[in-house]
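First the structure, in the form of structure tokens, and then the observations on it.
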Amino acid sequence: MSRQLLDQLDKQILKLISEDARIPFLEVARACGVSGAAIHQRIQKLTSMGILKGSQFIIDPEKVGFETCAFIGLNLKHPEAFDSVVEKLKEIPEVVECHYTTGDYDLFIKIYAANNHHLLTIIHDKLQPLGLARSESIISFHSAINRQLAMADLLPMEEDEE
């Protein structure tokens, strides 16, 4: 993963759309002092570079009946099976994140369940058959911070960086 070089216009666009993903391109163009076509081309470029990864509506899991959020550290019986386990995790709809990690776990996942009983069923029926040596669950009571990287605070507007 290499860092992509961004010019001033790219940085300004990223700051504006990170603050409001639904901002119209023409409004971004006015704020940047360029044409709407230029903004559209830049958005396409940022997408093709992999800097922008789509757009989406975020569904609040709790409001649709998934009241239990859990983080689970997984230790595999056969760590060389990482790739096949990850492919199987992709088939479990309750798994919303999966990370390769250092430390105590081979993999660290985030899942949503309707309740604690549903969580137990997921662990027993869907995770254990993947070849786990052990797992450790941490239930989240509430997310105190849940956000994207704040581009407005992180991207310097000067050209002097390397």
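These figures come from a predicted structure and were not determined experimentally.
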Donor-acceptor contact present, side-chain E136 to main-chain Y105, <3.5 Å:
no
Write down the atom of L16, the atom of A31, and the distance for their closest heavy-atom approach.
CD1-CB, 3.8 Å
Under a single-linkage definition using a 4.5 Å side-chain heavy-atom cutoff for Ile, Leu, Val, Met, Phe, Trp and Tyr, are L119 and L107 assigned to the same hydrophobic cluster?
yes
Given side chain to side chain contact (heavy atoms under 4.5 Å, CB included), test D106 with L74 step by step and report yes or no.
CA-CA 6 Å; D106 296 319; L74 306 176; 5.8 Å; no
If Ile, Leu, Val, Met, Phe, Trp and Tyr residues are connected whenever their side-chain heavy atoms lie under 4.5 Å apart, and connections chain through other members, are I23 and V34 in the same group?
yes
Under the ring-ring contact (aromatic ring centres under 6.0 Å, His included) test, residues paired with F141 that sit two or more places apart
none
Which atoms form the tightest heavy-atom contact between Q128 and H124, and what is the distance?
CB-O, 3.6 Å
After noting the C-alpha distance and the side-chain angles of I139 and N116, does the key distance pass the side chain to side chain contact (heavy atoms under 4.5 Å, CB included) rule?
CA-CA 9 Å; I139 294 177; N116 288 347; 3.7 Å; yes
Can L9 be reached from I51 by stepping across I, L, V, M, F, W or Y side chains whose heavy atoms are under 4.5 Å apart?
yes
Does any pair with a residue in residues 73-94 pass ring pair (Phe, Tyr, Trp, His ring centres under 6.0 Å), and if so which ones, sequence neighbours excluded?
F82-Y100
Just list the side-chain donor-acceptor pairs under 3.5 Å for residues 60-72, sequence neighbours left out, or say none.
from : atom 1 : to  : atom 2 : distance (Å)
D60  : OD1    : E62 : N      : 3.0

What distance separates C32 SG from F25 CZ, expressed to the nearest 0.5 Å?
11.5 Å
Within residues 29-41 or reaching into it, pairs that qualify as salt bridge (Lys or Arg N to Asp or Glu O under 4.0 Å) - sequence neighbours excluded:
none
Working note: L127 + S135, criterion side chain to side chain contact (heavy atoms under 4.5 Å, CB included); need CA distance, chi angles, decisive distance, verdict.
CA-CA 9 Å; L127 298 179; S135 66; over 6 Å; no
Could you tell me the separation between the CD1 atom of I109 and the NE2 atom of H99, rounded to the nearest 0.5 Å?
10.0 Å
When clusters are formed by joining ILVMFWY residues with side-chain heavy atoms under 4.5 Å apart, either directly or through shared neighbours, do F108 and L132 land in the same one?
no
Test side-chain contact (heavy atoms from CB on, under 4.5 Å) applied to L130 and V86, V85, L76, the passing residue
V85
For residues 87-95, please give each side-chain donor-acceptor pair under 3.5 Å, one per line with the distance, not counting sequence neighbours.
from : atom 1 : to   : atom 2 : distance (Å)
E87  : OE2    : K90  : NZ     : 3.1
E94  : OE1    : K126 : NZ     : 3.1
E94  : OE2    : H118 : NE2    : 3.2
E94  : OE2    : K126 : NZ     : 3.2

Residues 31-48 vs salt bridge (Lys or Arg N to Asp or Glu O under 4.0 Å), sequence neighbours excluded, gives D7-R42, D10-R42, D10-K45
Cluster link V96 to I111, ILVMFWY, side chain under 4.5 Å
no
Looking only at heavy atoms, the pair that brings L26 and G36 closest together is CD2-CA, 4.0 Å
Side-chain touch I43/V28, heavy atoms, less than 4.5 angstrom
no
